[in-house]
Amino acid sequence: MFENLSDKLDRAFKVLKGQGSITEINVAETMKEIRKALLDADVNYKTAKTFTDDVRQKALGENVLTSISPGQLLTKLMNDELTELMGGTTADLDLKASPTIILIAGLNGAGKTTFTGKLANYLKTQKGKKPLLVADDIYRPAAIDQLQVLGQQIGVPVYANLESKDPVAIAREGIALAKQNGQNVVIIDTAGRLAIDEAMMVEIEQVKAAVQPHEILFVVDSMTGQDAVNTAKVFNDRLDFTGVVLTKLDGDTRGGAALSIKSVVNKPIKFIGTGEKMEALDVFHPDRMASRILG
Ligand code: GDP
């Protein structure tokens, strides 16, 4: 579907070489091409511009232009730079505390409940943890049902309190239950909220203040492009989250939101969702995402 950027660049450089002398202006033209590729991958304009400016400097310094395959060399340079910008290495969860408390936040439909189930499954099967899920959405009984179904599927208990309209109390009850039963991770699935909904934002701030989570993971749909970046900014300003989860990367998005979000909020991306099934969760690898963004 997308043309390989490395080939595209090799072609562009061939044209440039045909012109005899390669000047900074030629390089600027090539950078325009790269910027376009990044924008096509949903990287926001400002991030794409800063990135190409940096790469341009480096490319000139490294004599990319006189090499045999400048396209490949430049692509490698960009790959390294993108990888670095997205954190360089994988960012682990802080699971030292017992119980470790993890708060899940994000917009409605982002994939929070699905991720809550996936995370519990991952912690149980890969990390030997004993998680408890807390259904902390007091607005949509269907969301509670959904979490209970997932819990059953993966064999992880779910705490819910259908009588209560107090998310802070429900979260506290869940944590108390986990302590009582020796569960060492509590994952709190909160209600989906619109970033502009003040009352809902205050509510999740109150839950945060009450339970002092070790991790606050912001779940965002990678298909929403630029909106993903704006939402991330609003949630980070309010919650100072500890990591990002990018969902729906099994779709045809190139995943540029990963780079934009990292550069705007400067928080690590910790996981990616790659499908609806409970196993469709991967730890985020910056180098793999860099290759994907560059196509
Ligand atoms: P919530 O409102 O944020 O809790 O979102 P849900 O967890 O209910 O997810 C909304 C929809 O997105 C559901 O149909 C999920 O099956 C789907 N979904 C969640 N994560 C992924 C993913 O990584 N890939 C795909 N293809 N679908 C996903």
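Not measured: the values here are computed from a predicted model. Residues: numbered from 1 along the sequence shown. Remember, it's 1-based here, ligands and their atoms both numbered in the order they're listed.
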On a heavy-atom basis, the closest approach of M86 and P286 is CE-O, 3.5 Å
Problem - Sub-4.0 Å heavy-atom approach of A110 to ligand 1 - result: yes
Atom 11 (C) of ligand 1 has as its nearest protein heavy atom K248 NZ, 4.1 Å
With heavy atoms and a 4.0 Å threshold, my read on which part of D250 contacts ligand 1 is side chain
D137/R140 ion pair, N-O < 4.0 Å: yes
Determine whether a donor-acceptor pair (N or O, by modelled atom type, separation under 3.5 Å) exists between the side chain of T52 and the backbone of M31.
no
**Asked** Is a side-chain N or O of D197 found less than 3.5 angstrom from the main chain of A199, in a donor-acceptor match?
**Response** yes
One finds that the ligand 1 atoms under 4.0 Å from a non-hydrogen atom of G109 are 1 (P), 2 (O), 3 (O), 5 (O), 10 (C)
- prompt: Going by atom types alone, do S222 and T253 pair a side-chain donor with an acceptor below 3.5 Å?
  reply: no
The answer for which part of D189 has a heavy atom under 4.0 Å from ligand 1 is neither
Quiz item: Should the pair K267 and F241 be classed as cation-pi, given the thresholds of under 6.0 Å to the six-membered ring centre and 45° from the axis?
Solution: yes
In terms of its nearest heavy atom to atom 5 (O) of ligand 1, the top option of G111, A191, S222, G273 is G111
Hits for salt bridge (Lys or Arg N to Asp or Glu O under 4.0 Å) against K208, two or more places apart or cross-chain, chain-then-number order -> none
Ligand 1 to T274, heavy atom cutoff 4.0 Å, flagged ligand atoms 23 (O)
If you compare K112, Q146, M223 by their heavy atoms, the one closest to atom 8 (O) of ligand 1 turns out to be Q146
Query - Lys/Arg N to Asp/Glu carboxylate O, E215 vs K270, below 4.0 Å - result: yes
Closest to atom 7 (O) of ligand 1 among protein heavy atoms sits T114 OG1, 2.6 Å
Inset, instruction - Say whether G106 and ligand 1 are in contact under the criterion: heavy-atom distance to a ligand atom below 4.0 Å. - result: no
Contact region, L107 to ligand 1, non-hydrogen atoms below 4.0 Å, reads backbone
among protein heavy atoms, the one nearest atom 21 (C) of ligand 1 is G275 O, 3.5 Å
So, regarding F115 and ligand 1 (criterion: nitrogen or oxygen to nitrogen or oxygen, under 3.5 Å), is there a contact or not? no
The option among K277, E276, K118 carrying the non-hydrogen atom nearest to atom 16 (O) of ligand 1 is E276
Does Q153 CD have over 12 foreign heavy atoms under 6.0 Å away?
yes
